[in-house]
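The structure under discussion appears below in the form of structure tokens.
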Amino acid sequence: KTLLLAGARIGPRLVAVGEHGHVRTSDDHGKTWQQARTVPTVTTLTAVHFVDARRGWAVGHGGVVIATTDSGDNWTLLSGRLDGPEILFSVWFRSATEGLVVGAFGYAARTDDGGKTWKRFNVAEGEDGERHLNRIFTGPAVAAAPGGAPGSLWIAAESGLMFRSDDAGRSWQKVTLPYKGSIWGGTALADGTLLAWGMRGNLLRSNDGGNTFASVP
């Protein structure tokens, strides 16, 4: 009955993470679930991301980052501790080595060694750089790129803000939305439409790659 906060699909398997370090997996489309065999933390896990069918990362309170190489059955601790001050809300990996984490009060860090070490960076300066960074998601795929690579990377944030990167997270630009409350997440649809959602049932839609957004009734 533990609160679960995030999930991912890798082929036929579902992986969900939540309070007390719980990692649950299902191989029958969610009909039955089982706890992962080894999870090296009891902190709240807030997000999970897989770069392929076997390699994934989960993050949470205390700046904790854990990783799996067997589709979520067993996990190892890479970073953070139970009483750590950081609160991570989202994780995204471009490859098996390059990844980003974001969290409360503008916390953002990147790794180039699979999560063993992290280097902090600022998404924005001043007050904008102190906003909670709630979710990392990818923009519409670029058809001309190998494998249809993401054309942009986004961070959903507080106060009607999102941040956009067109260089895989090396630099970021602020995007101001017509809704001024917290934005919790977003996704790109197959036709290139970009959606973002937040508090009080607010849904925003962009048909031009994220240059402009309009509220959806």
Side-chain angles (χ1 to χ4, degrees), residues 2-9 15-24 39 41-51 56-68 72 75 77-94 98-111 114-115 118-124 127-139 150 152-165 168-169 172 174-175 177 179-188 194-200 202-204:
T2 299
L3 176 66
L4 298 176
L5 293 169
R9 178 186 292 274
V15 181
V17 301
E19 286 187 317
H20 308 302
H22 282 180
V23 179
R24 310 286 288 176
V39 182
T41 185
V42 293
T43 195
T44 296
L45 299 173
T46 58
V48 60
H49 176 80
F50 281 80
V51 74
W57 297 261
V59 301
H61 292 197
V64 163
V65 181
I66 61 175
T68 181
W75 298 77
L77 180 67
L78 297 181
S79 181
R81 62 184 192 274
L82 189 61
D83 61 348
E86 294 85 10
I87 300 176
L88 303 181
F89 291 149
S90 190
V91 57
W92 177 84
F93 270 75
R94 180 185 183 188
E98 299 175 90
L100 304 172
V101 294
V102 299
F105 303 108
Y107 186 92
R110 59 170 56 95
T111 181
W118 295 86
K119 183 177 181 180
R120 288 198 60 176
F121 67 93
N122 293 325
V123 172
E127 188 175 349
D128 290 339
E130 299 176 358
R131 306 293 185 189
H132 290 343
L133 304 176
N134 295 322
R135 192 66 57 189
I136 308 170
F137 63 97
T138 54
S152 56
L153 196 60
W154 293 80
I155 299 174
E158 282 188 301
S159 301
L161 293 180
M162 292 203 299
F163 298 94
R164 173 179 179 160
S165 175
W172 296 87
K174 180 176 72 172
V175 176
L177 301 175
Y179 171 63
K180 302 307 178 185
S182 292
I183 304 299
W184 298 126
T187 193
L194 195 63
L195 299 178
W197 51 84
M199 295 176 66
R200 300 180 182 275
N202 278 276
L203 180 67
L204 304 167

Legend entry - OG1 on Thr111 to CZ on Phe93, rounded to 0.5 Å: 5.5 Å

Legend entry - Polar contact flag, side-chain donor to acceptor under 3.5 angstrom, Ser90-Trp92: no

Inset, instruction - Give me the one residue out of Val91, Val123, Leu153 that meets side-chain contact (heavy atoms from CB on, under 4.5 Å) with Leu100. - result: Leu153

Legend entry - Nearest non-hydrogen partners of Gly60 and Thr46, listed with the distance: CA-OG1, 3.7 Å

Legend entry - Gap between atom CG of Leu5 and atom CG of Leu45 - 0.5 Å precision: 8.5 Å

Inset, instruction - May I ask you to decide if Phe89's main-chain N or O and Arg135's side chain share a donor-acceptor pair within less than 3.5 Å? - result: yes

Inset, instruction - Please report the shortest heavy-atom distance between Arg120 and Gly106, naming the atom on each side. - result: NH2-O, 4.5 Å

Inset, instruction - With the side chain counted from C-beta on, respond yes when Val101 and Trp57 share a heavy-atom pair under 4.5 Å apart, and no when they do not. - result: no

Inset, instruction - Please report the shortest heavy-atom distance between Ala156 and Trp184, naming the atom on each side. - result: CB-C, 4.0 Å

Inset, instruction - Could you check if a side-chain atom of Tyr107 sits within less than 4.5 angstrom of a side-chain atom of Leu88, using non-hydrogen atoms only? - result: yes

Inset, instruction - Work out which heavy atom in Ala16 is nearest to a heavy atom in Leu4; give both atom names and the distance. - result: CB-CD1, 4.0 Å

Legend entry - Spacing of Glu127 atom CD and Leu161 atom CG [to the nearest 0.5 Å]: 9.5 Å

Legend entry - CZ (Phe121) with more than 12 external heavy atoms under 6.0 Å: yes

Legend entry - Asn134 (side chain) donor-acceptor with Ile183 (main chain) under 3.5 angstrom: yes

Inset, instruction - Mind checking the CD-CG spacing from Glu19 to Leu3? Nearest 0.5 Å is all I need. - result: 4.5 Å

Inset, instruction - Decide yes or no for Glu130 and Phe105: does some side-chain heavy atom of the first lie under 4.5 Å from some side-chain heavy atom of the second? - result: no

Inset, instruction - Please report the shortest heavy-atom distance between Trp75 and Gly56, naming the atom on each side. - result: CZ3-O, 3.9 Å

Inset, instruction - Check whether any side-chain heavy atom of Phe137 lies under 4.5 Å from a side-chain heavy atom of Met162, and answer yes or no. - result: yes

Inset, instruction - Check whether any side-chain heavy atom of Thr187 lies under 4.5 Å from a side-chain heavy atom of Trp197, and answer yes or no. - result: yes

Inset, instruction - To the nearest 0.5 Å, tell me how far His20 NE2 sits from Thr44 OG1. - result: 6.5 Å

Legend entry - Rounded distance [0.5 Å steps], CG in Leu77 versus OG1 in Thr43: 10.5 Å

Inset, instruction - Count the heavy atoms belonging to other residues, nucleotides or ligands that lie under 6.0 Å from CZ of Arg164, then report whether that count exceeds 12. - result: yes

Legend entry - More than 12 heavy atoms of other groups within 6.0 Å of Arg9 CZ: no

Inset, instruction - Determine the minimum heavy-atom distance between Phe50 and Ala8, stating which atoms define it. - result: CD1-CB, 4.1 Å

